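First the proteins, then the strands, lettered A, B, ... as listed; each starts at 1. No experiment lies behind these values; they were computed from the predicted model shown.
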2 protein chains.
Amino acid sequence: MTRRKVKLAFIVNESARKTTYRKRKNGMVKKANELATLCGVEACMIIYSPYDTEPEVWPSSMGVQSTLVRFRQMPEMEQCKKMMNQMSFTRERIQKISEQVKKMRRNNREKELAQIMYHYLSSGIFLQNMTMNDLHDLSWLIGQNLRDISRRMEALEMEPQNEVQIQSQGQEQAGEDNNNGKGIMEMNISTLQRQQNFMELMNCAGDETLPFGEANLCNAWSSPFYF
Amino acid sequence: MTRRKVKLAFIVNESARKTTYRKRKNGMVKKANELATLCGVEACMIIYSPYDTEPEVWPSSMGVQSTLVRFRQMPEMEQCKKMMNQMSFTRERIQKISEQVKKMRRNNREKELAQIMYHYLSSGIFLQNMTMNDLHDLSWLIGQNLRDISRRMEALEMEPQNEVQIQSQGQEQAGEDNNNGKGIMEMNISTLQRQQNFMELMNCAGDETLPFGEANLCNAWSSPFYF
DNA sequence: TATTCTATCTATAAACT
DNA sequence: TAGTTTATAGATAGAAT
């Protein structure tokens, strides 16, 4: 799976399939050897391919025989417990990947909303054509940020010796960010006020219940008309 | 095998071994599934670990059973043909890796000699403390380069319409390389003359027989005294 | 057809949660 | 203990030989 992410499906092209078979078979034998060596487990592997009349076997004849004997000696029930067929395996993989997708979607949405929030904070211009859903989630994100800020401010008040240090850091930052000499506290206050305006605008400032849903943020960013 | 290249040996640490086992077992099952899907081959895998009372099996019970039946039905001789035990597998791997090492050594030596050659060409200063072996191989390399150059010059004479183009390219290059306006043909000629001097110095210019051996180029480059 | 090369994708050791 | 993250080692698809 390289140069191009290959689709997990039967390879129609004869020679390509054979090439892939040989490469991957060797890879698996190597892996089996590593697993047995590193973890000291008993394992065996049998592969029938249309390319050879004899099966490809690992590790040795003796190894396979003893593993098989041990396997046959178990009660049928025991044998089956850990068995995994292709369907259940595939189902599990699909579920796992679906969860990843969901997570990434949530992540993307959160970042998208954060971008909109920062845009508003820096420009004061409010993005148009957002749905109620978008506004709702955005208000949740803003609430989160407000709570974080409050928490940090309280922490600073508790430990006043830190305040000076933080303040001076803030001034450096302000300089870098072209904030014309405003200290960070000042910045935060005007930020807070603007956020408050925003919240009032949407009158749902107190809502706690909103993690991000599946909805995409329409085309607020891709449209040339807004801002 | 990442963050640190792990040594292929039994993992002593209990928990590390278990972690590695689970990860790699999952990896192998995934690989087995891919091999079966991509290449349409019949395969099975059985792993006994001290971490479970039941064996880990792939693909399904039925799949294993049918593969085993098929395996048992073969004459013993056939069964064994493709079998690979850990020792023969390891021996093969060692041989393969040894060949790689050899190849890389040759490659390194060729590069080292080329560096010396270019150093002489650009500075006219001759590297001291080389062995007869080094000089011999170096002369071979220089001979190769001379032959390449001759071949290219002949090709250019055959197709004179290319000459102008190449010439102008050469001038650009010369500018970049701080050769003070010399064209590439001029460069090549003085290069050739200097190489010829070199060859005469060692009087073995015509020797064709020398691919690089195993010898390392002593410490000609690492010593601070030379150049 | 098989082997080699290499750019890219995948597996995973170690750290972190 | 098991899951997640991240940087690096390893596997490999496609092309070249």
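Residue B:Q100 contributes atom CD, which lies 9 Å from atom P of C:dT4 at whole-angstrom precision. The separation between B:K96 atom NZ and C:dA2 atom P is 14 Å, rounded to whole Å. Between the NZ atom of A:K18 and the P atom of D:dG14 there is a distance of 18 Å, given to the nearest Å. Between A:N13 atom CG and D:dA13 atom C1' the separation is 12 Å, expressed in whole Å. Taking atom CG on B:L35 and atom C1' on D:dA13, their separation rounds to 15 Å, with Å as the unit. D:dA11 atom P lies 19 Å from atom CG of A:L8, rounded to whole Å. Atom OH of B:Y51 is separated from atom P of D:dA2 by 12 Å (rounded to the nearest Å). In this structure, NZ of B:K30 is placed 14 Å from C1' of D:dG10, rounded to the nearest angstrom.
Comparing D:dG14, C:dA11, C:dT1 against the side chain of A:S15 picks out C:dT1 as the nearest. The A:K5 side chain lies nearest to C:dT10 when the options are C:dT12, C:dT10, D:dG14. Comparing C:dA13, C:dT12, C:dT3 by their nearest atom to the side chain of B:T20 picks out C:dA13. Looking at the side chain of A:R22, the nearest of the listed nucleotides C:dT3, C:dA14, D:dT12 is C:dT3.
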Find every protein N or O atom lying less than 3.5 Å from an N or O atom of nucleotides 15-17 of chain C, and list the pairs.
none

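Two residues, B:M28 and B:E99, neighbour DNA chain C, and the one matched to the more 5' nucleotide by heavy-atom proximity is B:E99. Nearest-nucleotide positions on DNA chain C place A:T19 closer to the 5' end than the other of A:T19 and B:K31.
At a threshold of 4.5 Å between non-hydrogen side-chain atoms, the residues B:W140 and B:L135 do not count as touching. Considering only heavy atoms from C-beta on, A:I11 stays 4.5 Å or farther from A:Y21 through its side chain. Side-chain contact check for B:I47 versus A:L35: some heavy-atom pair is nearer than 4.5 Å. A 4.5 Å side-chain heavy-atom check between B:R151 and B:I149 finds every atom pair outside the cut-off. Using a 4.5 Å heavy-atom threshold, the side chains of A:R109 and A:R105 count as separate.
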Q.
Evaluate B:E110 against B:R106 for salt bridge (Lys or Arg N to Asp or Glu O under 4.0 Å), listing each step before the verdict.
A. CA-CA 6 Å; B:E110 192 161 350; B:R106 263 227 311 269; 5.9 Å; no
Q) Can you check side chain to side chain contact (heavy atoms under 4.5 Å, CB included) on B:N108 and B:E112, steps first, answer last? A) CA-CA 6 Å; B:N108 283 342; B:E112 216 169 22; 5.9 Å; no
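A:R17 and B:L38 get closest at one heavy-atom pair: CD-O, 3.8 Å.
Judged by distance alone, the side chains of A:S15 and A:N13 do bring a donor and an acceptor atom under 3.5 Å apart.
Axis deviation across the helix from C:dA2-D:dT17 to C:dT17-D:dA2 amounts to 30°, comparing end segments of five pairs, rounded to 10 degrees.
When atom types are taken as modelled, the side chain of A:N33 and the backbone of A:V29 share no donor-acceptor pair closer than 3.5 angstrom.
Residue-level contact check: A:R24 touches the backbone only, with heavy atoms under 4.0 Å from sugar-phosphate atoms and none from bases.
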